[in-house]
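Here's the structure we're looking at; comments come further down.
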Amino acid sequence: MSLPGHVRIVEVGPRDGLQNEPASLSVALKCQLIEQLVSTGIRHIETGSFVSPKWVPQMADTEQVMHQLQRTSGVIYSVLTPNLKGFERALSCQPSEIAVFAAASEEFSARNINCSITESLERFNPLIEKAKVQKLRVRGYISCTVGCPYTGDITPQQVAWVAQQLNEMGCDEISLGDTIGVGNPLACKRMLAAVAHYVPLSQLAVHFHDTYGQALANIYAMLEEGIATVDTAIAGLGGCPYAQGASGNVATEDVVYLLNGLGIQSKIDLSQLTVVSHWICQQLNRPNQSKVARALHPQRKKP
Ligand code: HMG
Ligand code: MG
């Protein structure tokens with residue numbers, strides 16, 4: 001088992017994190033957050049989503065965020081687009097990547113995007129074709145890859161089938177989401193093995209929410225299997241409206257600390273990340289979910 005030499009972090013805090021925060025941030029603060037995250041060395045960042053503002057009001061201002069953002073060259077600025085309407089809205093803001101999102105669970109698909117899995121894939125097809133014409137990178141998400149809040153267990157074959165469809169449609173990368181954070185290393189390895197029959201490991205990312213505290217263990221297991229792209233959120237922002245007590249994504253700081261300890265390059269400055277982490281928690285008036293950020297608190301007094 002050899003670990004990758006470099007891991008690409010995809011920072012999803014400004015989207016997956018903020019979409020679940022009860023407090024809404026202003027456009028200026030969202031831009032500041034994204035710019036500060038980029039200054040830590042992060043090179044791939046989700047800035048928002050073009051979904052229905054009735055469904056997710058926290059993301060209603062993504063267009064303004066994308067327009068007001070000071071961009072840095074070489075950084076991938078990604079946005080979620082659930083349908084052609086979302087894609088057309090996104091195009092006016094020149095993202096570097098768009099992301100479509102499907103689920104491995106029918107019930108979750110219905111509740112999240114109001115259609116079946118097959119209908120969602122049919123929606124994505126023309127959208128991905130248009131994105132390719134515009135030479136945009138396309139990311140495909142699969143939610144509920146190890147468990148669904150409504151129907152429980154999900155088989156690896158269900159996930160593999162959706163991954164195969166997204167791959168054949170032309171997704172450059174597929175992110176495997178443990179949306180409610182119920183996975184463990186064994187279940188995740190089984191799921192990944194099934195998916196890897198259809199999609200090369202180099203085109204796969206993992207996306208763990210940390211509800212049951214398994215995210216770091218799962219990430220380590222995935223690194224051992226050859227995964228080298230990991231989604232994270234600063235300060236572990238977010239939550240999941242579909243699972244009681246669910247937490248946000250695994251914290252970026254905790255993953256960078258793990259990578260540093262393993263001697264894996266991420267080119268992200270951990271101490272700067274910690275400063276951003278405390279700053280955003282202050283803005284949102286919420287506790288910091290990153291254990292590493294708490295341990296490295298700049299104002300922590302020695303006992
Ligand atoms: P719908 O109600 O079925 O849509 O929602 P519709 O096509 O019937 O249209 C209804 C109305 O919405 C119409 O307006 C449309 O124009 C409008 P009206 O005529 O009533 O005034 N509409 C839109 N407006 C703005 N932008 C759009 C858009 N589309 C339609 N793109 C829809 C279907 C997909 C839009 C809705 O269900 C939705 O927005 N869902 C998004 C939910 C969401 O954002 N969930 C979180 C992201 S997924 C996630 O977090 C998981 C992930 O992190 C991975 C993991 O953790 O596993 C990615
Ligand atoms: Mg998520």
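From a predicted model like this one, the values you see are computed outputs, not experimental measurements. One-based numbering, in listed order, for ligands and for the atoms of each. Positions are given from 1, in the same order as the sequence printed here.
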Are I234 and W279 packed together at the side-chain level, in the sense that at least one heavy-atom pair is separated by less than 4.5 angstrom?
no

Please check if the number of heavy atoms outside Y257 that lie under 6.0 Å from its OH is greater than 12.
no

Only heavy atoms of F101, strictly under 4.0 Å: list the atoms of ligand 1 that pass.
47 (C), 48 (S)

For I117 and S105 the tightest heavy-atom approach is CD1-C, 3.8 Å

Can you list the atoms of ligand 1 that are under 4.0 Å from a heavy atom of K54?
20 (O), 21 (O)

For ligand 1, is there an atom lying under 4.0 Å from some heavy atom of M59?
no

What is the ring orientation for H297 with H278, classed by angle as parallel under 30°, tilted 30 to 60°, or perpendicular over 60°?
tilted

Check this for me, if you would: do E224 and K189 make a salt bridge, where the nitrogen-to-carboxylate-oxygen distance has to be below 4.0 angstrom?
yes

Whether K30 and D61 form a salt bridge (side-chain N of Lys/Arg under 4.0 Å from carboxylate O of Asp/Glu) is what I want to check.
yes

Given that the side chain starts at C-beta and the backbone is N, CA, C, O, which of these parts of E119 lies under 4.0 Å from ligand 1, counting heavy atoms, or is it both or neither?
neither

Any nitrogen or oxygen of D178, side chain or backbone, less than 3.5 Å from one on ligand 1?
no

Counting only nitrogen or oxygen atoms and a 3.5 angstrom limit, does K85 reach ligand 1?
yes

Worked verdict on T145 versus D178 for side chain to side chain donor-acceptor pair (under 3.5 Å)
CA-CA 6 Å; T145 58; D178 180 8; 5.6 Å; no

Considering the heavy atoms of S143, write down every atom of ligand 1 situated less than 4.0 Å from one of them.
51 (C), 54 (C), 55 (C), 57 (O)

Can you find an N/O atom of S52 closer than 3.5 Å to an N/O atom of ligand 1?
yes

Looking only at distance, does Q19 have an N or O less than 3.5 Å from an N or O of ligand 1?
yes

Give the atom numbers and elements of ligand 1 that come within less than 4.0 Å of a heavy atom of G86.
31 (N)

Show the atoms of ligand 1 that are less than 4.0 angstrom away from any heavy atom in N114.
1 (P), 2 (O), 3 (O)

Answer side chain, backbone, both or neither: which part of P82 comes under 4.0 Å from ligand 1, heavy atoms only.
side chain

Backbone or side-chain N or O of F50 under 3.5 Å from ligand 1 N or O
yes

State whether a side-chain donor-acceptor pair under 3.5 Å links T155 with Q158.
yes

Under 4.0 Å from ligand 1, counting heavy atoms only, is it the side chain of P53, its backbone, both or neither?
side chain

Just which atoms of ligand 1 are under 4.0 Å from any heavy atom in G177?
57 (O)

Could you tell me whether D231 and R139 make a salt bridge, using a distance below 4.0 angstrom between a side-chain N and a carboxylate O?
yes

Please check if the number of heavy atoms outside K132 that lie under 6.0 Å from its NZ is greater than 12.
yes

Using 0.5 Å steps for rounding, measure from the CE atom of M222 to the CD1 atom of I219.
10.0 Å

Taking non-hydrogen atoms only, is H209 closer than 4.0 angstrom to ligand 1 via side chain, backbone, both or neither?
side chain

How close do E46 and D16 get, heavy atom to heavy atom, and via which atoms?
OE1-N, 4.5 Å

Out of N112, D231, V56, whose heavy atom sits nearest atom 48 (S) of ligand 1?
N112

List every atom of ligand 1 that sits less than 4.0 Å from any heavy atom of N83, numbering the atoms from 1 in the order shown and giving each element.
27 (C), 28 (C), 29 (N), 30 (C), 31 (N), 35 (C)

T40 side chain to L37 main-chain N or O, any donor-acceptor pair under 3.5 Å?
yes

Side chain, backbone, both or neither: which part of V51 has a heavy atom under 4.0 Å from ligand 1?
both

Is the shortest side-chain N to carboxylate O distance from E107 to R111 below 4.0 Å?
yes

Take the Mg ion (ligand 2) and tell me which protein N, O or S atoms are nearer than 2.8 Å.
D16 OD2, H207 NE2, H209 NE2

Is it the case that over 12 heavy atoms from other parts of the model lie below 6.0 angstrom from the CD atom of Q94?
no

